[in-house]
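One structure below.
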Amino acid sequence: MDSKSRALTEAQQQAVQHREGPLLVLAGPGSGKTTVVTQRIAQLLLSGVQPWQILALTFTNKAAKEMRGRVQSLIDESGMRAPGMTVSTFHSFCARLLRDWGDRVIGTTTFTIYDTADQKSAVKQALKACGMNDSNWKPGAVLSAISNAKNKLIDADTFQQEASDFYSKSIAKIYKSYDSILRGNDAVDFDDLLLQTAKLLDQDGDVRKQLEDRFQYVMIDEYQDTNYTQFVIANKIASNHRNICVVGDPDQSIYAWRGADISNILDFEKHYGEGTVIPLGRNFRSTGHIVKTAANLIEHNTQRKDKKLYTELEEGHEPSIISLDDEHEEAESIVCEALRLHNIGVPYKEMAVLYRVNSLSRVLEESFRNAGVPYVVARGTAFYERKEIKQALSYLRLLINAKDDVAFLRIINTPTRGIGATSLNRLAALAYERSWSLLESITFASKENGFTARSVTSMKNFADIYRQWQVDSCSDESLTATASLADLVERVIRESGLEEFYSKSSSEEDVDRLQNLEELVSAATDFEDRFETENEGVVATPLRLLFAFLENVALVSDSDAIDPENGAVTLMTLHASKGLEFDFVTIAGLEDGLLPHERAVYDDTQMEEERRLCYVGITRARTNLLLTNARRRTQRGMSKRTIASRFIREMTGEPYIEQITVDPWDVPDPDPADSFSKEITVGSLVRHKRFGVGKVQRVIRRPRGSTVTIKFKSGEKHLVLEYAKLELVTTQF
DNA sequence: AACTGTAAACTTTTT
DNA sequence: GTTTACAGTT
């Protein structure tokens, strides 16, 4: 990246040199924020600050990894040794603290982290315990109310005290019950990681002192997306020395819906009276037209501090705005453009297609696949949401936490063991009566307390498998030397019966599932390798590794799946694109109802967040920006007319006019056109290998990568001339 | 208890 | 168009 070699601006320099006291860097998109943060850390290290005194918090693992790498390379040049600084996401930092001190707040350090599906299951149980039904009380809605509370540092008791109306009183009741289920299962949810850490720091002066003393320099990236609980955590650690440096941009705040509190960044000066504020408005990433487009758009937000965004780079190409007939045409046009740019030397890895909702990826993938253009969908979490993976992980989870009833329920009868609803109800009653976990209760199930002989045998078998696994993996010596994490994972998949279960049928689906299970084993191998290189000298028992592995799995994010080295176009949501940059960016689906999303249209605050989301998307582009929409779009099986996004009007500053034939970008070095393009003109009849004979509707001539629109029997197609291998049938004039 | 087929709900974004 | 939930059947 050239940002590394370029001399720093005065403002950047000032931020890098800042040492003591609170610092807020208001960093516009592409203003060299990462450079500033990494150089500042390097600077601190070089001036004698010990690596372990540094705490840098980010939002994704990928951002953490990049930051660590860049700091390392900066100090490599100065011949310094590998630092032991803490660079991690908020959530994994908190998880690690709770692994050390969790027993002081949640009574355990061997907790399991529940994902959304686990949370839903726990809420359903809570509703049942409260005698409420889940059709009146949607688990999803209840969960978001609880999540909101936790993000504001409101625990169940406080929530109950503050509840005045029927609705919040009911939520309070469910919240309490939900939390007690989590505690009973030795489990925490995502928000608990933060909430319980904040509690720990508040209640335990001893722990607070240790952390305060250790982390002399605290840094937080993407500060506009922190919530109140995160603010409290950082604040407590930094309260003594006040060496807190936060970096962010209010215009890029896109997580308010998840509890992010923009007043953290807006009120920074209020929170830290003597704080320094350094704005970085100069953009080093994008060419003039792109910066201008972004600035035009964001100016339509009223709730903002006006901040100048400018660039001294060349004007560059104007963004292209194209309307297509439907989403298939849209996808094909995007692929065409990718092919064209690839032809003139833009590598695929420097291209991205962004969209508002994940469901848009399907059509795009199809077109990319058909055209043979390599692509990756940034969906790191998708793999771990698969049924078979969740099942395998539940087996592993139950191995390290026998109280994890949610995991137990997911696998007790998968593969089917003849343990149905009746037996489970009976078991649950027994567990409740004795305050045991479900796995513990199995041992005490018998004919006398109402179980059938068959279910008693199946359950005993199940318990025996676990006993064996525990003996084999918990007696430390036996496994440290010989078995690896991957061996353990493989063994659990085999002996649980999952492998056999999915190999019985040869349906395509089950073959897939089996492959995914194999992939999980290799994921374990990868993790083990990574763990060893990152934790040199730490003796890792398989059990310890398993903890770390499961934690890692629980905290993966979509953007973690992006490998900058792969030579493929990246497809992802606008949210996942935060913090990234590409030469060529497409934003697809610029339609009212999609971007801005229909659920935000009637609320000014939400509308402004949609606008910021679009702004984030635009500012990911360095040189080329393509904005597309479809006049008709099929959603939920029905094709509907669409309306162009109001954002298009806002960013161009002109009423939106559909462009029919536009040369989106000038190509710098003109080459003589190839022989095909000389003969093929509008009206020509041509033959295509797959689509048959068609009539040329439109030709966009470019020195390389001319595109043609051809009407075939099967419909209109956009093709790149060189790739299509068209055969001329007749030329009409 | 396990399997099969049909109805209904679903999609905003994610650590 | 896809996934989940539940009712009905064996």
Side-chain angles (χ1 to χ4, degrees), chain A residues 57-64 88-95 113-117 119-120 124 134-135 138-140 143-144 147 150-151 188-195 222 225-227 229-230 253-260 327 354-363 366 378-382 384-387 413-424 452 454-455 458 501 505 509 551-561 572-578 589 593-601 603 606 609-610 612-614 616-617 633-639:
Chain A
L57 297 169
T58 62
F59 272 76
T60 62
N61 299 306
K62 194 179 162 288
S88 83
T89 67
F90 249 109
H91 285 85
S92 56
F93 173 66
C94 290
I113 301 168
Y114 275 6
D115 67 12
T116 319
Q119 292 183 54
K120 276 221 168 101
K124 281 184 188 163
D134 55 8
S135 46
K138 292 257 159 68
L143 223 36
S144 81
S147 176
K150 288 187 177 180
N151 287 329
V188 295
D189 60 21
F190 291 125
D191 304 312
D192 269 337
L193 289 170
L194 306 174
L195 176 83
E222 307 284 9
D225 288 325
T226 51
N227 61 40
T229 305
Q230 288 166 323
S253 152
I254 54 174
Y255 283 107
W257 57 272
R258 201 176 79 184
E327 68 271 26
L354 313 179
Y355 36 80
R356 177 65 234 263
V357 295
N358 276 307
S359 59
L360 286 200
S361 75
R362 183 177 293 281
V363 208
E366 203 179 282
R379 203 105 216 282
T381 53
Y384 296 101
E385 279 163 13
R386 297 179 157 278
K387 194 161 73 175
N413 206 30
T414 0
T416 45
R417 298 188 172 84
I419 301 162
T422 354
S423 310
L424 278 181
T452 60
R454 190 170 122 193
S455 64
S458 309
F501 185 65
S505 103
E509 204 188 9
E551 183 172 302
N552 191 265
V553 162
L555 299 176
V556 286
S557 71
D558 284 345
S559 52
D560 294 339
M572 69 191 132
T573 62
L574 286 157
H575 281 92
S577 76
K578 190 177 72 168
L594 247 184
L595 182 62
H597 195 271
E598 56 191 344
R599 291 173 77 141
V601 166
D603 180 314
Q606 286 184 57
E609 183 150 312
E610 296 291 307
R612 290 192 295 267
L613 192 55
C614 189
V616 166
R633 186 176 294 279
T634 308
Q635 273 188 313
R636 231 178 19 195
M638 286 286 273
S639 172

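In this text the structure is predicted, and so the values were computed from the model without any measurement. To find a chain, count down the sequence lines: A is the first, B the second, and so on, and within it residues start at 1.
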Checklist entry - Across the strands shown, which category fits A:Arg454 at heavy-atom distances under 4.0 angstrom: base, sugar-phosphate, nothing? => result sugar-phosphate
Next on the checklist: Within the 3.5 Å criterion, strictly below it, is a donor on A:Asp560 or A:Ser557 matched to an acceptor on the partner's side chain?
Outcome noted: yes
Item to check | A:Thr229 side chain to A:Asn151 side chain, donor-acceptor N/O pair below 3.5 angstrom | outcome: no
Checklist entry - With respect to the side chain of A:Thr116, which nucleotide from B:dT15, B:dA2, B:dT14 is positioned closest? => result B:dT15
Checklist entry - For the pair made of CG in A:Asn227 and C1' in B:dT15, what is the distance, rounded to whole Å? => result 10 Å
Checklist outcome for this item: With the side chain defined as heavy atoms from C-beta on, A:Phe190 is closest, among B:dT14, B:dA2, B:dT15, to B:dT15
Checklist entry - Out of B:dT14, B:dA1, B:dT15, which nucleotide sits closest to the side chain of A:His91? => result B:dT15
Checklist entry - Side chain of A:Lys124: nearest nucleotide among B:dT15, C:dA5, B:dT11? => result C:dA5
Item to check | Proximity to the side chain of A:Thr416 - top-ranked nucleotide from B:dT15, B:dT13, B:dA2 | outcome: B:dA2
Next on the checklist: What's A:Ser92 touching, base or sugar-phosphate or nothing? Going by heavy atoms closer than 4.0 Å.
Outcome noted: nothing
Item to check | Whole-Å distance separating the CG atom of A:Asn358 from the P atom of C:dT2 | outcome: 15 Å
Checklist entry - With a non-hydrogen cut-off below 4.0 angstrom, is A:Lys150 in contact with a base, only sugar-phosphate, or nothing? => result nothing
Item to check | Parallel, tilted or perpendicular, as decided by the 30° and 60° cut-offs, for the rings of A:Phe190 and A:His91 | outcome: perpendicular
Next on the checklist: Under 4.0 Å, heavy atoms only, any strand: does A:Phe90 hit a base, just the sugar-phosphate, or nothing?
Outcome noted: nothing
Item to check | Residue A:Thr573, side-chain atoms from C-beta onward, closest of B:dT13, B:dT15, B:dT11 | outcome: B:dT13
Next on the checklist: Within the 4.0 Å heavy-atom criterion, would you say A:Asp558 contacts the bases, only the backbone, or no part of the nucleic acid?
Outcome noted: sugar-phosphate
Checklist entry - A:Asn151 has an atom CG; how far is it from atom P of B:dT14, in whole Å? => result 16 Å
Item to check | Stem regions touching DNA chain B, defined by at least 3 consecutive Watson-Crick or wobble G-U pairs below 3.5 angstrom | outcome: B:1-10 with C:1-10
Checklist entry - Of all the choices, B:dT14, B:dA2, B:dA1, which nucleotide is nearest to the side chain of A:Ser423 once you look at every atom? => result B:dA1
Item to check | Distance test, side-chain N/O of A:Ser557 to OP1/OP2 of B:dT14, below 4.0 Å | outcome: no
Next on the checklist: Quick check for you: among B:dT14, B:dA2, B:dT13, whose closest atom lies nearest to any side-chain atom of A:Arg258?
Outcome noted: B:dT14
Next on the checklist: Heavy atoms from C-beta onward define the side chain here; which of B:dT15, B:dC3, B:dT13 lies closest to that of A:Thr381?
Outcome noted: B:dT15
